[in-house]
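The next block holds one structure in the form of structure tokens; read it before the comments.
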Amino acid sequence: MVKIVIDAGHGFNTPGKRSPDDEREWSFNNKVAKYAIAKLKTYKNVEILRVDDPTGKTDVPLTTRTTLANEWQADVYASIHHNTLADKWGSHSGIETYTMDNPTANQKSIEIAGAIHPRIVMAMGISDRGMKRANFHVLRESAMPAFLSEGGFMDSTVDILKLRDNHYLQAQGEAIAEGLAIYFKLQLLTSSVGSPILSPKEGANKLYKPSSQSLINSTSAFLKRLEKMPDGPLSPTWHDKLLKGTLTDSDAIGLLYVAIERGLLVDGK
């Protein structure tokens with residue numbers, strides 16, 4: 001049994017945690033958390049504990065949250081957030097994922113974040129600000145591996161368009177769940193009619209293997225072009241995965257949708 005803590009950061013009325021148009025961070029966090037939980041429930045042998053207030057009425061103290069997680073003896077602590085830079089509209093943009101700033105004692109956290117961060121970037125289709133380290137309470141005081149995701153800037157004229165779209169918030173939540181599923185090697189439940197749903201190994205983990213070198217070269221060039229897109233460069237992680245032979249079929253399909261959304265495949269671009 002894998003025990004996963006979900007923390008949708010802050011409360012609805014927490015001061016300062018909002019967009020310049022007064023959209024509350026908790027509202028974005030909560031939706032992503034609910035989508036992540038719904039996706040995690042499609043896997044076998046998973047228990048989920050949500051340590052924030054799911055109604056948003058109270059901002060549960062951080063000490064209470066980590067104490068609950070530690071007493072429950074969770075396997076991972078997932079803290080879901082959305083960022084601000086200057087509390088006024090600007091063109092800044094991007095996804096960040098944090099782990100504790102002690103890399104020696106933090107290897108599992110880094111590995112888990114590494115499975116999740118690029119998936120959030122791809123799901124949201126905005127720029128990659130990278131994996132970072134910080135001395136945040138939930139990272140420091142949790143006895144299990146922990147990460148804190150910042151799924152875009154609430155005061156970004158770029159990111160807010162995605163944050164206001166539930167399809168992107170669902171994609172973000174499912175990206176978190178799928179990253180956890182890959183790391184913990186979770187198996188999907190069977191469908192209601194008894195036919196098996198593809199496991200991560202059979203589906204999300206099926207490697208992308210083009211039949212010729214020319215296709216590999218074309219894929220490489222395609223990813224390099226995405227890395228230079230002015231409206232949010234793609235992380236070079238995906239090109240590295242291609243070269244190492246670890247890019248999956250699901251990754252390749254997702255990257256194609258990113259390219260379509262950004263207009264790379266339109267009008268001969």
Side-chain angles (χ1 to χ4, degrees), residues 4-12 14 16-21 23-40 50-52 54 56 65 76-87 89-99 109 112-134 136 138-139 146-183 231-235 237-238 254 257-258 261-262:
I4 298 173
V5 164
I6 298 292
D7 175 5
H10 310 300
F12 183 82
T14 302
K17 306 298 182 180
R18 56 199 70 188
S19 79
D21 285 351
E23 298 155 294
R24 311 302 172 92
E25 181 185 346
W26 179 85
S27 298
F28 299 125
N29 299 348
N30 177 56
K31 288 179 180 179
V32 173
K34 289 171 70 174
Y35 286 126
I37 290 169
K39 183 67 175 180
L40 286 168
R50 184 164 171 177
V51 294
D52 67 301
R65 300 184 194 211
V76 62
Y77 191 112
S79 189
I80 298 167
H81 291 255
H82 292 83
N83 229 336
T84 58
L85 181 64
D87 295 323
W89 294 117
S91 59
H92 50 280
S93 173
I95 306 297
E96 300 173 341
T97 303
Y98 288 87
T99 56
S109 297
I112 293 171
I116 291 166
H117 176 78
R119 286 178 166 80
I120 297 177
V121 173
M122 186 169 71
M124 295 299 289
I126 53 182
S127 61
D128 181 358
R129 293 171 65 93
M131 289 173 50
K132 302 184 178 182
R133 296 171 184 164
F136 298 146
V138 296
L139 305 179
F147 68 91
L148 186 150
S149 62
E150 296 279 8
F153 282 84
M154 296 182 293
D155 54 2
S156 162
T157 55
V158 178
D159 297 359
I160 196 64
L161 300 178
K162 303 292 182 72
L163 298 180
R164 289 170 175 164
D165 187 332
N166 284 340
H167 292 95
Y168 285 102
L169 297 181
Q170 179 176 359
Q172 183 184 155
E174 292 183 351
I176 292 170
E178 289 166 1
L180 290 169
I182 293 298
Y183 179 82
D231 59 340
L234 187 75
S235 168
T237 300
W238 300 107
Y257 281 119
V258 171
E261 181 191 17
R262 298 186 185 184

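Starting from 1, each residue takes its place in the sequence as its number.
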For [X], check side-chain contact (heavy atoms from CB on, under 4.5 Å) against everything at least two apart and list the hits.
X	answer
Leu85	His92, Phe153, Asp155
Ala113	Thr97, Thr99, Met131, Phe147
Phe12	Arg24, Trp26, Ser27

Rounded at 0.5 Å granularity, tell me how far [atom1] in [X] sits from [atom2] in [Y].
X	Y	atom1	atom2	value
Lys162	Ile95	NZ	CD1	9.0 Å
Ile6	Asn29	CD1	CG	11.5 Å
Arg133	Tyr98	CZ	OH	13.0 Å

Could you pull out all residues at least two apart from Asp52 that satisfy salt bridge (Lys or Arg N to Asp or Glu O under 4.0 Å)?
->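 Applying salt bridge (Lys or Arg N to Asp or Glu O under 4.0 Å) to Asp52 gives Arg50.
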
Listed by chain and number, what are the salt bridge (Lys or Arg N to Asp or Glu O under 4.0 Å) partners of Glu96, not counting sequence neighbours?
->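 By the salt bridge (Lys or Arg N to Asp or Glu O under 4.0 Å) rule, Glu96 matches Arg129, Lys132.
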
Test of understanding: with side-chain hydrogen bond (donor to acceptor under 3.5 Å, both in side chains), list the residues that count as partners of [X], not counting sequence neighbours.
X	value
Gln170	Glu174
Ser19	Glu23
Lys31	Asn166
Thr14	Asp59

For the side chain of Thr84 and the backbone of Ala86, is there at least one donor-acceptor N/O pair under 3.5 Å apart?
->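 Answer holds: no.
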
[X]: what forms a ring-ring contact (aromatic ring centres under 6.0 Å, His included) with it, not counting sequence neighbours?
X	value
His81	His10
Tyr183	none
Tyr77	none

Can you tell me if NZ on Lys39 sees more than 12 non-hydrogen neighbours from other groups inside 6.0 Å?
->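 More than 12 heavy atoms, drawn from other residues, nucleotides or ligands, come within 6.0 Å of this atom.
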
Will you find, in the side chains of His82 and Asp159, an N or O donor that is under 3.5 Å from an N or O acceptor?
->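 Note: His82 and Asp159 side chains miss the donor-acceptor criterion.
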
Between Asp21 and Arg164, does a salt bridge (charged side-chain N to carboxylate O under 4.0 Å, His left out) hold up when you go through it step by step?
-> CA-CA 12 Å; Asp21 285 351; Arg164 289 170 175 164; 3.2 Å; yes

